[in-house]
Amino acid sequence: MLSVLRNIVLEVNAAESLDEVLGIIVSRVRMAMGTEVCSVYIRDRNETRYVFRATEGLNAAQVGNVSLAPGEGLVGLVAERGEPVNLEDAELHPNFQLLPNIGEESFHAFLGVPIIHQRDVLGVLVVQQARRRRFDESEEAFLVTMSAQLAGVIAHARVTGEVPDESSPERDSVYARIKGVPGAPGIGIGTAVVVSPVADLYAVPRQLSDDRRSELRAFKRALSQVRLDIESVAENLRDKLSPEDLALFDVYIGILDDSRIGGEVASLIKSGVWAQGALAQVMIEHIRHFEAMEHSYLRERAVDVKDLGERVLGYLQADQRDDQVFPEKTILVSEELTASMLGEIPRSHLAGLISVRGSSNSHVAILARAMGVPTVMGAVDLPYKRLRDMSVVVDGYNGNVHLNPTKAVIRRFQEIADQDTELNKGLESLRDLPCVTLDEQRLTLWVNTGLMADVARSLDRGAEGVGLYRTEVPFLMRERFPSEEEQRQIYREQLEAFAPRPVTMRTLDVGGDKALPYFPIEEANPFLGWRGIRVTLDHPEILLAQVRAMLKANEGLGNLRIMLPMISNIPELEEALQLIYRCHRELAEEGLEMPLPPIGVMVEVPSAIYQARALARRVDFLSVGSNDLTQYLLAVDRNNARVSDLYHAFHPALLEALIQVADGAHAEGKQVSICGELAGNPMAAVLLLAMGYDMLSMNVTSLPRVKHALRSITASDARVLLDEVRQMESGQAIEERISAFFHARNLQQMMPAPID
Ligand code: PEP
Ligand code: MG
């Protein structure tokens, strides 16, 4: 049964539309269970009725025509209860209701199971049989398992189905909202431009052509460029290869002949498909065909076909890039956005970013925050290949994408965007004012950086220093580890730009979801694996070079602070300290005398909460990495949209942990800061002030809001609020209480997520 189940899921996963998905389900389930009927009912767009959407065994002509409300009939009963209903004779059940003309009259045995995705009953899967009999336990279990496995695919296909493709007349009118993860705050309203990774046949969006002739010309041009490339390779090898071997190049080029694959692509283009799409479609078909061959020699040909396809695609994409005109408000969309894709579009045209893969920690999200571009990451259900030229709203506050927004939706988001602009203008005057409460309590506001691009904006917005410089960012932008001297220059630039303000440089924090392209780490549980300090202690040469580069960069400036990520025990810290002391000593021996910079530990693993005092005793400061601390404390993957509702900034356990860390550091007379995203949330900042945090370090976009909020309250009110929320037992209740605190002071505009 397991293999049957697996095969059905595989087949369904490969399907391209909801109808195809449902068609496969009804036919395969009916066959696997040996029933006479299998049907699927799916909830309609208005979310009020379950529509008869696919069947094998009943009257298919009625598909789409009949439906049931929750509670109505047996299907409605399954949907309402969210539980299977298994009946020997359906007619005897009080809920029984005959749907007109679908031909159920002769079927007595009924088994219906709900299709539930993220607590939501999306539909009902039903099998029926003429013989009066109860489906046995194993049959019921099979159908329940099937439905649980299929729910995600159906949810995805449903969203995709709601987003019509280019050939559909509904394309510009159907509104859909898709959930992702907030990548960079702000609202972006504009037109989608879909970018594909370079020469990836599988990522080419579906598109119709605007001008068949020019598409055909572009294809022919790309073909002859590839031919020339291959001919020149053959020419270079002429005296090294035998004539027979050289003849292989002719065979290779021959694959692209007009009479063969080239001809198939050309005729698809003539039918209206754009050149890249036609090429991808034909090449993928041929690759599949070769891959399925029995004979290994023929199977190998798949590699040649793929290589040729990618070469031609590379030229077509280069052609497209040369001619690409970006709309004034471009929303850049890709399956996986990269920093280099951002480089292709002028900043003045960039209104927002959407990436299907990746998280708020991805390199591109860090870059987007630095540039202040509203971004949604991890929008896994987004049918991104269909979005070309579509009107889109990016809600970077809540991590939502709105496709084909209605006028009312645009108006609502435009208002927020206008308020943002207005607010930021109003907040400009705060730049040179200190962050001090109405009752004169001072708090230092720092920024998180990783790129030189952050520097100008940070200084412009009045940052008093850098609480977290993510050194992995310059590491991510290279093809190998940067040398000690390269690092020294990069660090020097940061330190100089902010001097005399302090700059806290964190030692390399890779692993988890931060992978260096040239240093892959493959693990089953990357967040619980080899990451942060664990990697650099196992590779002391990396840590030593980095610390030496930092110390050298600090020469004559003296504003460096060094911070260690992911410390989970004291021996780890002591080992890292010894390596830092060693660098310091060796540099002194080489003639570079300077005081040892302040050294600190990040508190981002729960064990560090309980050892805050012991850690603080050994270093100069503690800094809470609330992003990881929240994920580890609540056991919620910080990048997983499916559980993002559980990643709660005001969870009582998290608040108690934050208090314990601040108290631990202060008990040892050490400063404590926080450098996770929580610090940039004005509602949290009020509590952090009350807890006694000395510095808050955040992304630069949030800084003016946090400053304004803190300058508008008293520290004593914040302490009363903290005492009050500490009595509460749920994050939601705490958030509501803080929200009321903000409303009472007319600070609602400072709250981070204006709408959802
Ligand atoms: C954190 O975990 O809160 C943190 C600041 O580090 P990063 O987001 O880079 O893991
Ligand atoms: Mg972290």
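Numbering of ligands and ligand atoms starts at 1, following listing order. Positions are given from 1, in the same order as the sequence printed here.
Protein heavy atom in closest approach to atom 6 (O) of ligand 1: Arg506 NH1, 2.9 Å. The nearest heavy-atom contact from the protein to atom 8 (O) of ligand 1 is Arg638 NH2, 2.7 Å.
None of Glu493, Gln487, Gln494 except one satisfies the side chain to side chain donor-acceptor pair (under 3.5 Å) rule with Tyr491; the exception is Gln487. Partner of Lys179 under the side-chain contact (heavy atoms from CB on, under 4.5 Å) criterion, out of Val380, Asn400, Val401, Leu382: Asn400 alone.
Atoms of ligand 1 lying under 4.0 Å from at least one heavy atom of Cys675, given by number and element, are 5 (C). Within the listing of ligand 1, atoms 7 (P), 9 (O), 10 (O) sit less than 4.0 angstrom from a heavy atom of Lys514. Counting the atoms of ligand 1 from 1 in the order shown, those under 4.0 Å from a heavy atom of Gly676 are 3 (O), 5 (C).
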(message) salt bridge (Lys or Arg N to Asp or Glu O under 4.0 Å) for Arg442 and Glu464? Distances and angles first, verdict last.
(response) CA-CA 12 Å; Arg442 181 85 169 81; Glu464 298 173 77; 2.6 Å; yes

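At under 3.5 Å, a nitrogen or oxygen of Asn627, whether backbone or side chain, sits near a nitrogen or oxygen of ligand 1.
Residue Glu677 places no heavy atom under 4.0 Å from ligand 1.
Residue Asp628 holds the heavy atom nearest to atom 10 (O) of ligand 1 of all those in Leu468, Val473, Asp628.
Put simply, the angle at the Mg ion (ligand 2) from OD2 in Asp628 to OE1 in Glu604 is close to 100°, to the nearest 10°.
Side chains of Gln727 and Arg737: no donor on one and acceptor on the other come within 3.5 Å.
Inclusion of Asp509 in the first shell of the Mg ion (ligand 2) is not supported: no N, O or S atom falls under 2.8 Å.
A cation-pi arrangement is not found for Arg478 relative to Phe475, the charged atom failing to lie both closer than 6.0 Å to the ring centre and inside a 45° cone about the ring normal.
We find that Arg705 and Asp420 are joined by a salt bridge, their nearest charged nitrogen and carboxylate oxygen being less than 4.0 Å apart. In this structure, Glu656 pairs ionically with Arg726, as a charged nitrogen and a carboxylate oxygen lie closer than 4.0 Å.
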